[in-house]
Amino acid sequence: MYNSEVRGRLIEGDKSLGQISREIIAPIHAKTPIWWYGALLVSLGMFGFGLYCKYITVTTGIGTWGVNNSVAWGWAIINFVWWIGIGHAGTAFSIFLLILRQKWRTAINRAAEAMTVVAVFCASLFPLLHMGRPWLFFYIFPYPNTRGPLWVNFNSPLFWDFVAISAYLLISASFWYFGMVPDFATIRDTAKSKIKKAVYGFFAFGWTGSSREWLRFEGLSFVLGGIAAVLVVSVHSIVSTDFAVSVKPGWHTTIFPPYFVVGAIFSGFAMVLTLVITMRVLYKMNDFITDSHIDAVCRVLVFISLIMGTAYMTEIFMAWYSGSEYETYLFFHTRIFGEYAPQFWAMFIANAIVPQLFWFKKMRRNMWVVFIVSIIINIGMWFERFNIVVTSLSRDYLPSSWASYSPTWVEVGFFIGTLGMFIAGVLLFFRFIPMIAISELKSVAKFDKPHNHVKHTGHE
Amino acid sequence: MNKEYILGVFNDEESLIEAFGKVKEKGVMPVEVFTPYPIHEILEGMGNKTKITHAAFFYGLFATIGILGFLTFAASYSWPLNYGGKPFNAFPSFIIVTIVAAILSITLLTLFTFSARAKIFPGKKPKIFHERATDDKFVMVLDKESMGSENEAIQSIIKEFGEIE
């Protein structure tokens, strides 16, 4: 069986188990750095501006946005799909790599899952506000009501989406939290201050690390891992049916569910890279998130980038090959050479061409290149959603209903607000939660010992 | 409950596993073993079994039946509405909600089961035998009474691989 040799060392510097706990917990016990307060202030400012834009949206109405009768979905839905896509990586990362027994996941999965929870939360705000009257939000729950009872339309992808997103938020949050319980116990038992002992002790739920607890913990991980894998694939497939079930040119295609799932994992992995490189720089986590960890994520990205490129080409080919003049017009006269050509090419270059840099080891090992490419991918994936949402709506079957779309400052502000919320969430995560799954990392530490004489215990 | 315990404290997984095996050979079962991460030899050796996966299966089964039943009831019996001429009992479009909501039910119910069976819940006061068992020590707890005449033999086994505290 191949082992960690292929991947390089999992943890650099021959650390003892005690060292692993100490170094990962260090940022929690250390004095909060000045930059942290600065960054939190900026992100809260962005968040506040977003709140103001939400206030305007609710008090005045959706008319403050740039959407119109034809392009009824604008930035709100673009950003919703973008955030959900990013939120996909956390669970995808943990689950798929767990199933594939990839030990290198242990250093990154905690950060990826934290990112998931915050991103899904950001995403859920967009459809909520897009309802126009968010205080009637509860109408979407199928509960016995005095209006009939008038049940919701179970055939509608919008209802499927609501169920999927709420389930995904709850499940990824609980998966993340229960993974942290043993680590909270480690903080409780190593903390000197009484307040920390009490607070982390509360969140540790009385964990002691006994064999009875671990046995059931393993069972729980097994169950959650197995069913969350289904969820990861189904959630973004459902998001894609919001589009694919309609009959708009460019939307009504069978390629959409896999295309969306792969795209989501692509953008999520790029965001994971952005995040872990930041962790390496700010918190000196290089020994745990080694160059070979980054290298592994880059290799995944270059592969997914090829799939994305293939999907784009397939769409274009089918538009031409189908002989449908609406499809042909949309792809060739609106997207590739038309009004929205800049957005189309931004998407194509950022997602299908730039990541090809990762074929070269030199590029994968240069953190600046990796960081910049990861940001470019995130921007490219945003443009992909712009292409999907806006172009199809602005050029449908009736030329009399063609319309253009550009966002107003309220929509832009709303998006900036969610960016602020995301950054603030990540900062709180850096400060108060162990950034790396300590107990999982310890369980793989033995595979790094010299000569690798260690007996395999069957536990990954 | 004033039992006297002996704590065998080990520095690594291998020493714990070897000592655990030898102690068991002497016919003594440790009361409990505390480790910083799960070790399968210990989990199996302690003889406990978990049925959490079976429970999850039944949660899934009942959730699926319940949700599908509810959707069919609400859409075709309670207040049927005509959506673009589709049949009231539009079974294929119920499948998606059924899958996702069943996954949610399984997750939440399994979490509650875990919490109840492993006794991990908010506000619980942990009984800590050794503070570093969640950090870097592997701790085996033995009951002095149950060791009986093997007391010294077991103490020497522990000393061979770790320390007694």
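Below, read A as the first sequence line, B as the second, and so on, with proteins coming before strands; counting in each chain starts at 1.
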Cut-off 4.5 Å, heavy atoms of chain B, and the answer for A:Ile238 is side chain

Of the listed residues (B:Val100, B:Val97, B:Ile103), which shares the most heavy-atom pairs with chain A below a 4.5 Å separation?
-> B:Ile103

Identify which part of B:Lys49 has an atom lying under 4.5 Å from any heavy atom of chain A, answering side chain, backbone, both or neither.
-> backbone

The interface call for B:Phe138 against chain A, heavy-atom contacts under 4.5 Å, is side chain

Any idea which heavy atoms bring A:Arg110 and A:Gly179 closest together, and the distance?
-> NH2-O, 3.2 Å

Test ring pair (Phe, Tyr, Trp, His ring centres under 6.0 Å) on A:Phe243 and A:Phe260 and set out the steps.
-> CA-CA 11 Å; A:Phe243 301 92; A:Phe260 267 55; 5.6 Å; yes

Step-by-step side-chain contact (heavy atoms from CB on, under 4.5 Å) determination, A:Trp207 to A:Glu213 = CA-CA 8 Å; A:Trp207 181 270; A:Glu213 288 166 0; 3.6 Å; yes

Between B:Tyr77 and B:Phe73, is the gap from one ring center to the other below 6.0 Å?
-> no

Please state whether the side chain, the backbone, both or neither of A:Ser234 comes within less than 4.5 Å of a heavy atom of chain B.
-> side chain

Most heavy-atom pairs under 4.5 angstrom with chain A, which of B:Thr35, B:Leu108, B:Leu81, B:Ile106?
-> B:Thr35

Centroid separation B:Phe114 to A:Phe178 less than 6.0 Å = yes

Under a 4.5 Å heavy-atom cut-off, does chain A meet the side chain of B:Leu71, its backbone, both or neither?
-> both

A:Ser210 versus chain B, the contacting section by heavy-atom distance below 4.5 Å = both

Cut-off 4.5 Å, heavy atoms of chain B, and the answer for A:Pro142 is both

Measure from NZ or CZ of A:Arg212 to the centre of the six-membered ring of A:Phe217, then state whether that distance is under 6.0 Å and the direction lies within 45° of the axis.
-> no

Heavy-atom proximity to chain B below 4.5 Å, by part of A:Val223 = side chain

In terms of heavy-atom pairs under 4.5 Å, which option from A:Thr190, A:Leu150, A:Asn155 contacts chain B the most?
-> A:Asn155

Ring centroid separation B:Phe121 to A:Phe205 under 6.0 Å = no

Pick one of side chain, backbone, both or neither for A:Leu231, based on which atoms fall under 4.5 Å of a heavy atom in chain B.
-> both

Using non-hydrogen atoms only, which part of A:Val235 is less than 4.5 Å away from chain B: side chain, backbone, both, or neither?
-> neither

Highest number of heavy-atom pairs under 4.5 Å with chain A: which of B:Val139, B:Leu111, B:Thr113, B:Thr110?
-> B:Leu111

Select one option (side chain, backbone, both, neither) describing which atoms of B:Phe70 are under 4.5 Å from chain A's heavy atoms.
-> side chain

Using the benzene-type ring in the case of Trp, are the ring centres of A:His88 and A:Tyr168 under 6.0 Å apart?
-> yes

Checking heavy atoms, do the side chain of A:Phe222, its backbone, both or neither come under 4.5 Å from chain B?
-> side chain

